[in-house]
Structures are given as structure tokens and as C-alpha cells.
*Asks:* 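Sharing a structure with you now.
Heads up: numbering here begins at 1 and tracks the sequence. Just the heavy atoms: all of them, side chains too, but no hydrogens, waters or symmetry mates, feed the values below.
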Amino acid sequence: PAPWPPVGGETVTRWPAITDARRVCEANGARAAIVIVFGDGHYGAASHGETKAECASTGRTLDAIIEAFQNGLLPMPEVKP
């Protein structure tokens, strides 16, 4: 999926793109990756999978993570503004 839109005001200079997740895969010899960035209570995310099926599966996992953040089921890390 495309990078998740930030929640609230933007405090991170650049939100991650799918190319960032792909680079993480390449650098680590992985087939799928999720990149999440945090800044002052806000976050952005992107995912990548090598195949269409892996991309779809990784996107569903990212969606579940984002839903958990939004529902308070997964704590946001505390970062300085």
C-alpha cells in the first residue's frame, strides 16, 4: 500500500515511501518489509513485498498494525518533539 497518511500535524520531515521499504528489503536480503517512522506522537508507514502476494500480505499486516495504534491496542513509542 501507499505510505500511511500521518495522524495529526506533521512533525517528521519526510514520511516513508514504498521505495524506503524496498531498500530495507534489499539491504537485509528480505522478501518483505514494513517501515514505520515516529515523531512527536505522529507516525507514517510504508510496506513492500517482492511479489504481488507478498506485497498484499505485508500490506494487510501493516493495516493491522495501524489499526492497533489507532485503537490503543499497540502503544506508540515516546519520542521527543
Side-chain angles (χ1 to χ4, degrees):
W4 198 267
V7 175
E10 290 193 25
T11 57
V12 174
T13 306
R14 184 181 69 80
W15 296 101
I18 294 168
T19 55
D20 297 316
R22 185 176 64 238
R23 287 185 189 124
V24 169
C25 281
E26 292 168 355
N28 292 282
R31 295 197 52 86
I34 294 173
V35 175
I36 305 173
V37 297
F38 300 93
D40 192 21
H42 308 289
Y43 58 89
S47 65
H48 169 75
E50 289 294 318
T51 66
K52 220 177 216 188
E54 290 167 340
C55 188
S57 176
T58 304
R60 287 189 298 273
T61 299
L62 174 55
D63 290 344
I65 292 168
I66 297 303
E67 186 175 323
F69 281 143
Q70 291 173 337
N71 292 329
L73 300 173
L74 188 62
M76 293 277 292
E78 294 182 26
V79 297
K80 294 181 180 182

*Asks:* Might you point out which heavy atoms bring Gly59 and Ser47 nearest each other, and give the distance in Å?
*Replies:* CA-OG, 3.8 Å

*Asks:* Name the orientation class of the two ring planes belonging to Tyr43 and Phe38 (parallel below 30°, tilted from 30 to 60°, perpendicular beyond 60°).
*Replies:* tilted

*Asks:* In chain order, what residues pass the side-chain contact (heavy atoms from CB on, under 4.5 Å) check against Ala64, with sequence neighbours excluded?
*Replies:* none

*Asks:* Let me confirm one number: the CD-CZ distance from Glu67 to Arg60, rounded to the nearest 0.5 Å.
*Replies:* 14.0 Å

*Asks:* Distance check, rounded to the nearest 0.5 Å: Asp20 atom CG versus His48 atom NE2?
*Replies:* 11.5 Å

*Asks:* Calculate, to the nearest 0.5 Å, the distance between atoms CD1 and CZ belonging to Ile18 and Arg23 respectively.
*Replies:* 12.0 Å

*Asks:* To the nearest 0.5 Å, what is the distance between CD1 (Ile66) and CG (Leu74)?
*Replies:* 9.0 Å

*Asks:* Find the distance between OG1 (Thr58) and CG (Asp63) and round it off to the nearest 0.5 Å.
*Replies:* 11.0 Å

*Asks:* I'd like a table of donor-acceptor pairs (distance under 3.5 Å, sequence neighbours excluded) in which one partner is a side-chain atom from residues 29-37, with atom names and distances.
*Replies:*
residue : atom : partner : partner atom : Å
Arg31   : NE   : Glu54   : OE1          : 3.4
Arg31   : NE   : Glu54   : OE2          : 2.8
Arg31   : NH2  : Glu54   : OE1          : 3.0
Arg31   : NH2  : Glu54   : OE2          : 3.3

